[in-house]
Amino acid sequence: MIDAHRQLLLAFATCLLLGLALPAIASDNPFAEEHVVLQISDNDPSKQTLILNVANNLLNHYGPDRVAVEVVAFGPGLRLLFENNTNQDRIQALVDQGVRFSACANTLTGMGRIIGHPPDLNPHAQIVDAGVVRIMELQQQDYSLIKP
């Protein structure tokens, strides 16, 4: 009987360790069935509105507990995440439902050189090394890329 308990404990510990060693999906939502990365890479205000509409539509369709959404902004699209962007309230509402927003550090550096200082970002923007690399990482974790 003791050996059976030891074997069970060993099997449980092994599964636990293997589970910790596997790369986790980037989502903070463990119940998400769908994973979507939305790319914004141009400064067109209508595309900024569209990307936020798409994020909202995904939440409405699946429910915030069943979908993980991350918006990745780079190049001129980084302006969506500027602190003074007119979409601040919409971004806040999406963040409140679990949407994440990533800002490209390469773009921040380049824009900083042009304007003399790094632009101030929305406080919910998470800075990532490179927007394109972030998208690739998410795709490797089974995120679907949507580029409206």
Side-chain angles (χ1 to χ4, degrees), residues 9-148:
L9 221 75
L10 182 59
F12 178 74
T14 302
C15 289
L16 183 63
L17 288 173
L18 285 174
L20 292 174
L22 294 174
I25 280 230
S27 170
D28 293 333
N29 182 352
F31 303 109
E33 298 167 12
E34 300 295 332
H35 300 86
V36 180
V37 55
L38 301 172
Q39 175 183 325
I40 182 74
S41 55
D42 59 47
N43 188 31
D44 182 351
S46 66
K47 290 221 177 159
Q48 291 181 13
T49 298
L50 180 59
I51 207 97
L52 299 175
N53 288 346
V54 170
N56 193 59
N57 291 343
L58 287 165
L59 293 169
N60 287 337
H61 179 79
Y62 291 104
D65 293 335
R66 293 184 44 225
V67 65
V69 179
E70 183 166 335
V71 175
V72 178
F74 63 91
L78 186 65
R79 286 179 171 79
L80 171 66
L81 299 180
F82 279 12
E83 188 175 49
N84 61 354
N85 187 288
T86 59
N87 291 298
Q88 286 180 22
D89 292 340
R90 292 196 67 202
I91 290 171
Q92 180 64 57
L94 290 168
V95 166
D96 290 344
Q97 295 183 75
V99 175
R100 291 179 309 167
F101 289 85
S102 294
C104 175
N106 290 333
T107 302
L108 278 169
T109 300
M111 287 182 170
R113 275 189 237 120
I114 293 169
I115 63 174
H117 59 84
D120 293 326
L121 294 180
N122 183 301
H124 298 294
Q126 169 189 338
I127 298 173
V128 296
D129 290 337
V132 172
V133 172
R134 179 65 180 158
I135 289 171
M136 291 170 54
E137 290 169 350
L138 290 171
Q139 286 183 297
Q140 290 170 356
Q141 296 174 39
D142 292 328
Y143 273 66
S144 298
L145 172 61
I146 308 294
K147 181 184 164 191

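Just so you know, these numbers use all the heavy atoms, side chains as well, and skip hydrogens, waters and symmetry mates.
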message: Quick one about S102 and E70 (side-chain donor to acceptor, distance below 3.5 Å, no hydrogens or angles considered), yes or no?
response: yes
query: If we only count heavy atoms from C-beta on, is the V95 to N122 side-chain gap below 4.5 Å?
result: no
message: Could you check whether any side-chain N or O of N85 sits under 3.5 Å from a backbone N or O of R79, counting only pairs where one atom can act as donor and the other as acceptor?
response: yes
- prompt: Do you know which two heavy atoms are closest between G112 and P119, and how far apart they sit?
  reply: N-CD, 4.3 Å
message: Please report the interatomic distance CG(D96) to NE2(H124), rounded to the nearest 0.5 Å.
response: 7.0 Å
statement: Between C104 and G131 the two heavy atoms that sit nearest each other are SG-N, 3.3 Å
- prompt: Which heavy atom of T107 sits nearest a heavy atom of G75, and at what distance?
  reply: OG1-N, 2.9 Å
task: First locate atom NE2 of H35, then atom CG of L138, and finally report the distance between them rounded to the nearest 0.5 Å.
output: 10.0 Å
query: Quick one: are F101 and L94 in side-chain contact, heavy atoms under 4.5 Å?
result: yes
- prompt: Out of curiosity, N106 CG to I127 CD1, how far, rounded to the nearest 0.5 Å?
  reply: 11.5 Å
- prompt: Hey, does Q39 have a side-chain heavy atom less than 4.5 Å from the side chain of I135?
  reply: yes
message: Determine whether L81 and I40 satisfy the following criterion, side-chain contact (heavy atoms from CB on, under 4.5 Å), listing intermediate values before the conclusion.
response: CA-CA 10 Å; L81 299 180; I40 182 74; over 6 Å; no
message: Within this structure, what is the CG-CG distance for the pair L78 and D42, rounded to the nearest 0.5 Å?
response: 12.5 Å
statement: Separation between CG (N53) and CG (N60), nearest 0.5 Å, reads 10.5 Å
query: Given the rule in the side-chain contact (heavy atoms from CB on, under 4.5 Å) test, do Q48 and L80 qualify, once you have shown the distances and angles that lead to the verdict?
result: CA-CA 6 Å; Q48 291 181 13; L80 171 66; 3.9 Å; yes
query: Restricting to pairs with a member in residues 121-132, which pass salt bridge (Lys or Arg N to Asp or Glu O under 4.0 Å), not counting sequence neighbours?
result: none
- prompt: Do M136 and V132 have side-chain heavy atoms sitting under 4.5 Å apart?
  reply: yes
query: Minimum heavy-atom separation for P76 to S41, with atom names?
result: CD-O, 3.4 Å
message: Side chains of H61 and V67, heavy atoms from C-beta outward: is any pair under 4.5 Å?
response: no
Between CG on residue N84 and CG on residue D120, distance to nearest 0.5 Å: 8.0 Å
By side-chain hydrogen bond (donor to acceptor under 3.5 Å, both in side chains) - contacts of T109 (at least two apart): none
Pair V69-L38, side-chain contact (heavy atoms from CB on, under 4.5 Å): steps then yes or no: CA-CA 7 Å; V69 179; L38 301 172; 3.8 Å; yes
